[in-house]
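These numbers come from the heavy atoms of this one structure, side chains and all, not from hydrogens, waters or symmetry mates.
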Amino acid sequence: MISIRHLSKTFHNPDGSTLTVLKDVNCDIEKGEVISIIGPSGTGKSTLLRAINMLEPPTAGEIWFNGENIMAHGYPLNKMRQKMGMVFQSFNLFEHKTVLENITYAPMELLKMSERVAKDEAMELLRKVGMAQKADVYPSSLSGGQKQRVAIARSLAMHPDVILFDEPTSALDPTMVGEVLSVIRQLAKSGLTMLIVTHEMRFARDVSTRIFFMNDGIIYEDGTPEQIFEHPVHSATKAFVNRIQKLKYDIDSDNFDFLQIHTEINRFCIKYNITGKEELAYSLLKEMLFTHMRSLRPLTFRLTHTELSGVTALDFMVEGLNESPLKDAARESVRRQVKELIEEPTTRGFRIKLII
């Protein structure tokens, strides 16, 4: 469906300097594939999507879409964009039109669809994304997640051959991410061709047929989710997909701000979509600090979450300690609440790790 050859994009800055964001991108995308594009910030992921849709015309190279070179002089880009939908980070809805009018506008104007047919199809799409009850309201009354679901329905209304998603959840409150990812998962099962720039690693692994790992302006590694996440070839890929998020506190005395730690745990769990573990993490922290390890100060507490595996852990590290401080009753109490209890000496002391 899409063939990209030697694609590059260079930006020319006002001071005369240049920045090459895409260097030599080559790939083929087949009908029905769901490809997630992952990688560090600034490596050209969003630029690649915008180049494919010619919103950022490439500096050099070729893009073939359904057998036609869309970079050829005089190619009608509007024809291509009717078949290549795009969902942006910032929704881009018409604020002066209702949800229903946002969806029917392009099919009526560009596809010359009758108002009745356009409305019928729009309502069906709104039901698909769970927004039918909001058909007559204006975007200003919607949450970010609702706006993005409307934007997805609007793109689908043009009957596209492929949809490009440019970080569709990056502008959302973390509590709204799940509702948008759920809609994209449904679309993936329907056989629609999709390219998705995302920072949600578990989502990318679950929904994709292929993964592009971009680094330094090129597709650094291309493979199935299993290949990229389980057996990456390059060290840069391995380091990226195994990202571990951390929250750390050094506790010197009983006068530490426990409420602040509680607030930070709440933010951490929302940010990484693990709110279901928040209550247990908070309960275990309180039990460890104020019961089983109360006499041990200073100590270091860490909350970690590995995005790929979904493993969340609480670490309690005490320097200078050479054996576990947990008594049998305490150990049994903790074990009943966690998936795994690890007690291990370190080069600097002793660590208790709770996998939740």
Side-chain angles (χ1 to χ4, degrees), residues 1-8 21-49 51-52 162-170 177-178 181-182 184-246 271-274 277 302-313 315 339-340 342 344 353 355-356:
M1 180 177 286
I2 301 174
S3 184
I4 297 173
R5 293 291 175 266
H6 306 295
L7 199 71
S8 67
V21 180
L22 301 176
K23 295 182 179 178
D24 186 20
V25 176
N26 297 272
C27 64
D28 292 307
I29 297 160
E30 303 293 338
K31 181 178 176 61
E33 287 195 296
V34 178
I35 299 177
S36 287
I37 306 173
I38 65 173
S41 297
T43 53
K45 303 183 299 298
S46 292
T47 302
L48 175 59
L49 281 200
I52 292 173
V162 59
I163 295 185
L164 314 178
F165 291 88
D166 184 12
E167 297 192 46
T169 62
S170 66
V177 169
L181 296 184
S182 177
I184 299 175
R185 281 191 172 96
Q186 292 175 32
L187 295 178
K189 293 177 182 177
S190 72
L192 180 65
T193 308
M194 297 189 289
L195 275 74
I196 310 164
V197 171
T198 182
H199 289 287
E200 304 284 344
M201 293 299 100
R202 295 189 72 186
F203 166 75
R205 179 171 180 165
D206 292 345
V207 79
S208 308
T209 58
R210 278 168 77 193
I211 304 285
F212 291 168
F213 172 67
M214 290 195 67
N215 194 31
D216 199 26
I218 63 172
I219 297 177
Y220 210 69
E221 199 159 343
D222 171 4
T224 65
E226 182 181 5
Q227 289 170 332
I228 296 298
F229 289 112
E230 298 292 341
H231 311 288
V233 174
H234 299 290
S235 58
T237 312
K238 185 176 181 179
F240 181 81
V241 300
N242 286 311
R243 290 182 302 176
I244 299 177
Q245 306 299 339
K246 301 176 184 177
K271 183 175 182 179
Y272 299 111
N273 202 26
I274 53 171
K277 298 181 179 182
R302 290 197 314 169
L303 175 62
T304 62
H305 179 68
T306 305
E307 292 186 57
L308 177 57
S309 65
V311 172
T312 307
D315 283 348
K339 294 179 180 177
E340 186 178 0
I342 301 171
E344 58 185 6
K353 188 182 190 77
I355 309 294
I356 63 173

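For S182, the side-chain contact (heavy atoms from CB on, under 4.5 Å) criterion is met by Q186, not counting sequence neighbours. In this structure, K31 has no salt bridge (charged side-chain N to carboxylate O under 4.0 Å, His left out) partners at least two apart in sequence or on a different chain.
Within the structure, the ring-ring contact (aromatic ring centres under 6.0 Å, His included) test picks out the following pairs touching residues 195-223 (sequence neighbours left out): F213-F240, Y220-H234.
Counting heavy atoms from C-beta outward, I2 and I4 have side chains that approach closer than 4.5 Å. The shortest distance between side-chain heavy atoms of M194 and I29 does not fall below 4.5 Å. Side-chain atoms of V197 and L48, non-hydrogen and from C-beta on, never get closer than 4.5 Å to each other. When side chains are defined from C-beta on, K45 does not count as touching L49, because their heavy atoms never get closer than 4.5 Å. V34 has its side chain within reach of I196: a pair of non-hydrogen atoms, C-beta onward, lies under 4.5 Å apart.
Remark: the T43 side chain and the N215 side chain contain no N/O donor-acceptor pair separated by less than 3.5 Å.
When each of R202, K271, R243 is checked for a salt bridge (charged side-chain N to carboxylate O under 4.0 Å, His left out) with E307, only R243 meets the rule.
At a threshold of 4.0 Å, the pair E230-R205 counts as salt-bridged, since one of the basic side-chain nitrogens sits closer than that to a carboxylate oxygen.
The neighbour count for E226 CD, taken as heavy atoms of other residues, nucleotides or ligands under 6.0 Å away, does not exceed 12.
Formation of a donor-acceptor pair under 3.5 Å by the E167 side chain with backbone atoms of S46 is not found in this model.
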